[in-house]
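To start, the structure under review is shown below, and the notes come after it.
Heads up: numbering here begins at 1 and tracks the sequence.
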Amino acid sequence: MYKNSTYCYSYRGMSLILRNAQHAVPLYRAHLRFSLDIARSCLKVKNFDLGIICVNNARIQHINRVYRGQDSVTDVLSFPFHEDLNPSLLPIPATPDEYNLGDIYLGVAFIYEQCQKTQEDYRSILTITAVHGLCHLLGHKHNNPEKWKQMFEKETEILNEINRVTGSKLKPLSTNHY
């Protein structure tokens, strides 16, 4: 779908909100939603809310500049609801309103452009990038080799589960990114 639209999927108190806030490239929401539902089950966070906002290059660059001080286009930015997360522990909400993981901004135009250059499948890379963002919402980082390895292993675990259910062959984007 090319139109600016929002899709909300709820199941037993949790919600997954997919908002398409761009018109530059197609967004396959059903495929992405299904894969993220598998990822959330794998991570045991189905009872937490999650927002996915798909944006164009100008918007992701603006967000990157404002929140990270990086004046460049990027593929994904994650904004966790909870602070000081330990990647080996799930957040412990104090109230029902705190059952929220946060928001993931996907730079879908940037992702699409990169896929055109590398001849990779756009839907697959979109899913892999969203899983990467989801790992960030749970406290995973890749700012040194040890943390990168831990995050890479978690992404691999999640993508292997998605592969098992869907028959895909997804792998983390980078084998050495920190």
- How far does OG1 of T156 sit from CD of E161, to the nearest 0.5 angstrom? 13.5 Å
- For the residue pair P172 and L159, what are the closest heavy atoms and their distance? N-CD1, 3.4 Å
- If you round to the nearest 0.5 Å, how far is CD1 of I60 from CD1 of I53? 9.5 Å
- Query: Under a 4.5 Å side-chain heavy-atom rule over Ile, Leu, Val, Met, Phe, Trp and Tyr, are F79 and L134 clustered together?
  - Reply: no
- Message: Using the rule that Ile, Leu, Val, Met, Phe, Trp and Tyr join whenever any side-chain heavy atoms are under 4.5 Å apart, tell me whether L50 and I92 fall into a single cluster.
- Response: no
- Query: Pick one: which of H136, Q150, K147 meets side-chain hydrogen bond (donor to acceptor under 3.5 Å, both in side chains) with H142?
  - Reply: H136
- Indicate yes or no: at least one non-hydrogen side-chain atom of T166 is less than 4.5 angstrom from one of H31. no
- Task: Could you please spell out the steps behind the side chain to side chain contact (heavy atoms under 4.5 Å, CB included) verdict for R164 and N160?
- Result: CA-CA 6 Å; R164 186 187 69 75; N160 284 343; over 6 Å; no
- Do L36 and I128 belong together in a cluster built from hydrophobic side chains that touch within less than 4.5 Å? yes
- Query: Is it the case that one hydrophobic cluster holds both I158 and V45, taking links as side-chain heavy atoms less than 4.5 Å apart, direct or via other members?
  - Reply: yes
- Message: Quick check for you: to the nearest 0.5 Å, what is the distance between L137 atom CG and S78 atom OG?
- Response: 4.5 Å
- On a heavy-atom basis, the closest approach of N163 and K169 is OD1-N, 3.5 Å
- Message: So which atom in V131 and which in A39 form the shortest heavy-atom distance, rounded to 0.1 Å?
- Response: CG2-CB, 4.3 Å
- Message: Could you check whether atom CG of D71 has more than 12 heavy atoms from other residues, nucleotides or ligands sitting under 6.0 Å from it?
- Response: yes
- Query: Is I104 linked to L101 within one hydrophobic cluster, defined over Ile, Leu, Val, Met, Phe, Trp and Tyr using a side-chain heavy-atom separation of less than 4.5 Å?
  - Reply: yes
- Hey, could you give me the CG/CD1 distance between L16 and I52, rounded to the nearest 0.5 Å? 6.0 Å
- When rounded to the nearest 0.5 angstrom, what is the spacing between SG in C135 and CD in E155? 5.0 Å
- Task: State the CD1-CG distance between I125 and D75, to the nearest 0.5 angstrom.
- Result: 10.0 Å
- Message: Please find the pair of heavy atoms, one from L126 and one from L106, that lie closest to each other, and give the distance.
- Response: CD1-CD1, 4.0 Å
- Item | side chain to side chain contact (heavy atoms under 4.5 Å, CB included) assessment of R40 paired with I38 | CA-CA 5 Å; R40 288 163 52 119; I38 296 167; over 6 Å; no
- Verify the distance criterion only: is there a donor paired with an acceptor across the side chains of N20 and Q22 at less than 3.5 Å? yes
- Task: Apply side chain to side chain contact (heavy atoms under 4.5 Å, CB included) to V165 and F34, showing your working.
- Result: CA-CA 10 Å; V165 173; F34 184 67; 4.0 Å; yes
- Would you call E146 and K149 a salt bridge, using N to O less than 4.0 angstrom? no
- Query: For the rings on F48 and F81, is their centre-to-centre separation under 6.0 Å?
  - Reply: no
- Heavy-atom distance under 4.5 Å between the side chains of S15 and D49, does that happen here? yes
- Query: Which class fits the ring pair Y122 and Y112: parallel under 30°, tilted 30 to 60°, perpendicular over 60°?
  - Reply: perpendicular
- Decide yes or no on side chain to side chain contact (heavy atoms under 4.5 Å, CB included) for H82 and E98, but give the supporting numbers first. CA-CA 8 Å; H82 298 274; E98 292 181 3; 4.1 Å; yes
- Salt bridge flag under 4.0 Å for residues K117 and E113: no
- Smallest heavy-atom separation, T127 atom then S35 atom, equals CG2-CB, 3.5 Å
- Task: For V108 and C54, work out which heavy atoms get closest and say how close.
- Result: CG1-CB, 3.7 Å
